[in-house]
Peer 1: 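Below is a structure I'd like to ask you about.
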Amino acid sequence: MLRRRPLRRFAVSLLFVVVGGGLWHLQERELRDSLVWMGVPEWQEPSLTGFHRVLRNDGFLVGWSDLRVNPLWASYRLQAVESPESGPRPAFRRDWRTLWPIGTNHYAGSGFDRGHLAPNYAIAAVHGRDAQHDTFYMSNMTPQRPDLNRRLWQRLEEVVMDHFVPRFGAVQVITGPIFPERFLDNVLNRVGFVEIPEAFYKIIVVPGERPRALAFVMPQGVRGDESLGDYLVSIDAIEARTGLDFFPRLPESAAKVLEGRVDTRGWGLEEVANRPGRFE
DNA sequence: TTTGATGT
């Protein structure tokens with residue numbers, strides 16, 4: 001009798017681990033699903049450069065690559081709010097989850113900005129103060145040239161929050177960096193530990209029965225005053241350059257329609273494509 | 001400052 005007790009104790013412990021772990025997993029999946037549309041992005045084929053782990057933040061998810069020392073994507077939902085406000089700008093923050101020592105001065109003197117993926121203003125306005133703080137994690141930053149970050153990219157983010165969100169009521173955004181095709185060609189092109197992307201993508205989806213999407217790719221070397229329309233691409237084109245599958249749960253037939261072409265009808269892009277930036 | 005870096 002006494003001899004069987006350790007075994008029983010082990011069985012009970014195992015039960016707790018399995019049930020508890022299962023519950024945790026379910027809850028985690030639910031939380032993730034609430035922050036993405038049609039599934040968490042996946043890599044199309046197993047590869048070192050595609051590997052990422054998901055960092056969950058307040059209001060947004062980040063796919064973190066320990067190899068590129070970059071966020072490969074950030075995903076968040078924006079819905080219309082009565083009076084969008086962001087409050088004062090928080091300080092940048094080290095993120096210990098990255099393991100890599102990326103302090104807030106990591107980009108100093110490099111000629112690159114600490115460019116947000118999940119944006120400060122829109123996340124703050126929609127998801128509140130705690131979420132805003134999370135956008136200042138260094139794990140949400142990637143090296144961006146100032147003329148892109150402060151001008152063309154800023155204009156795009158402004159159009160998303162001030163034009164698309166009110167127009168459609170809610171949108172899902174996925175955004176991230178694009179690296180040269182061959183990993184080794186760019187492996188030493190870094191700010192400290194952080195690999196420097198050659199371009200950035202942003203995908204905006206209006207969820208619904210018949211979802212619509214608009215997608216952009218913007219290279220580092222812009223002036224900043226270009227028309228947003230010059231950078232329209234299909235989602236397929238972005239998947240080809242990143243190796244990611246952005247909406248793994250979207251049925252194939254729907255994906256073909258949504259991802260295969262550029263369709264600007266109904267977005268009113270021409271009204272805002274040349275809107276000047278805020279800081280020029 | 002709806003983006004940031006720089007310098008004190």
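Chain letters run A, B, ... following the sequence lines, proteins first and then strands; every chain starts at 1.
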Peer 1: Would A:Arg151 and A:Phe279 count as a cation-pi pair here, with the cationic atom under 6.0 angstrom from the ring centre and within 45° of the axis?
Peer 2: no
Peer 1: If you assign A:Ser86 and A:Gly111 each to the DNA chain B nucleotide with the nearest heavy atom, which residue ends up on the more 5' nucleotide?
Peer 2: A:Ser86
Peer 1: Rounding to an integer number of Å, can you tell me how far A:Lys202 NZ sits from B:dT2 P?
Peer 2: 17 Å
Peer 1: Name the closest nucleotide to the A:Asp162 side chain, picking from B:dT2, B:dT6, B:dA5.
Peer 2: B:dT2
Peer 1: Rounding to an integer number of Å, can you tell me how far A:Asn140 CG sits from B:dT3 C1'?
Peer 2: 14 Å
Peer 1: Give a yes/no on whether any side-chain N or O of A:Arg150 is located under 4.0 angstrom from OP1 or OP2 of B:dA5.
Peer 2: no
Peer 1: What parts of residues 266-275 of chain A reach DNA chain B, counting only heavy atoms under 4.0 Å away?
Peer 2: none
Peer 1: Less than 3.5 Å apart, any donor N or O on the side chain of A:Arg97 or A:Asn57 sitting next to an acceptor on the other?
Peer 2: yes
Peer 1: Could you tell me the separation between the CZ atom of A:Phe92 and the C1' atom of B:dG4, rounded to a whole number of Å?
Peer 2: 7 Å
Peer 1: If I take atom CG in residue A:Leu117 and atom P in nucleotide B:dG4, what distance separates them, rounded to the nearest angstrom?
Peer 2: 10 Å
Peer 1: Take A:Gly109 and A:Met161, find for each the nucleotide of DNA chain B with the closest heavy atom, and name the residue whose nucleotide sits nearer the 5' end.
Peer 2: A:Met161
Peer 1: Heavy atoms under 4.0 Å, any strand shown: does A:Gly277 hit a base, just sugar-phosphate, or nothing?
Peer 2: nothing
Peer 1: Give a yes or no on whether the backbone of A:Phe246 and the side-chain of A:Glu239 come within a donor-acceptor separation of less than 3.5 Å.
Peer 2: yes
Peer 1: Does A:Phe112 have A:Arg145 sitting over its ring (NZ/CZ under 6.0 Å from centre, angle to axis within 45°)?
Peer 2: yes
Peer 1: Could you give the CD-to-P distance, from A:Gln144 to B:dA5, as a whole number of Å?
Peer 2: 11 Å
Peer 1: Under 4.0 Å from OP1 or OP2 of B:dT2: is there any side-chain N or O of A:His116 that close?
Peer 2: no
Peer 1: For the C1' atoms, the ones on B:dT1 and on B:dA5, what distance do you get once it is rounded to whole angstrom?
Peer 2: 14 Å
Peer 1: Between A:Gln154 (CD) and B:dG4 (C1'), how many Å, whole number?
Peer 2: 11 Å
Peer 1: Evaluate the ring planes of A:Phe92 and A:His116, with Trp represented by its six-membered ring, and classify them as parallel (under 30°), tilted (30 to 60°) or perpendicular (over 60°).
Peer 2: tilted
Peer 1: Is there side-chain contact between A:Asp245 and A:Pro41, with heavy atoms separated by less than 4.5 Å?
Peer 2: no
Peer 1: When the P atoms of B:dG4 and B:dT8 are compared, how many Å lie between them, rounded to an integer?
Peer 2: 24 Å
Peer 1: Are any of the side-chain heavy atoms of A:Leu117 and A:Val62 separated by less than 4.5 Å?
Peer 2: no
Peer 1: What integer distance in Å separates A:Asn149:CG from B:dT2:P?
Peer 2: 15 Å
Peer 1: May I ask you to evaluate whether A:Arg278 reaches the phosphate of B:dT2, defined as a side-chain N or O under 4.0 Å from OP1 or OP2?
Peer 2: yes
Peer 1: Nearest whole angstrom, please: distance from the C1' of B:dT2 to the CZ of A:Phe164.
Peer 2: 16 Å
Peer 1: Determine, for A:Tyr107 and A:Arg114, whether the Lys NZ or Arg CZ falls below 6.0 Å from the six-membered ring centre while staying within 45 degrees of the axis.
Peer 2: no
Peer 1: Give one of base, sugar-phosphate or nothing for A:Arg114, where a contact means two heavy atoms less than 4.0 Å apart.
Peer 2: sugar-phosphate
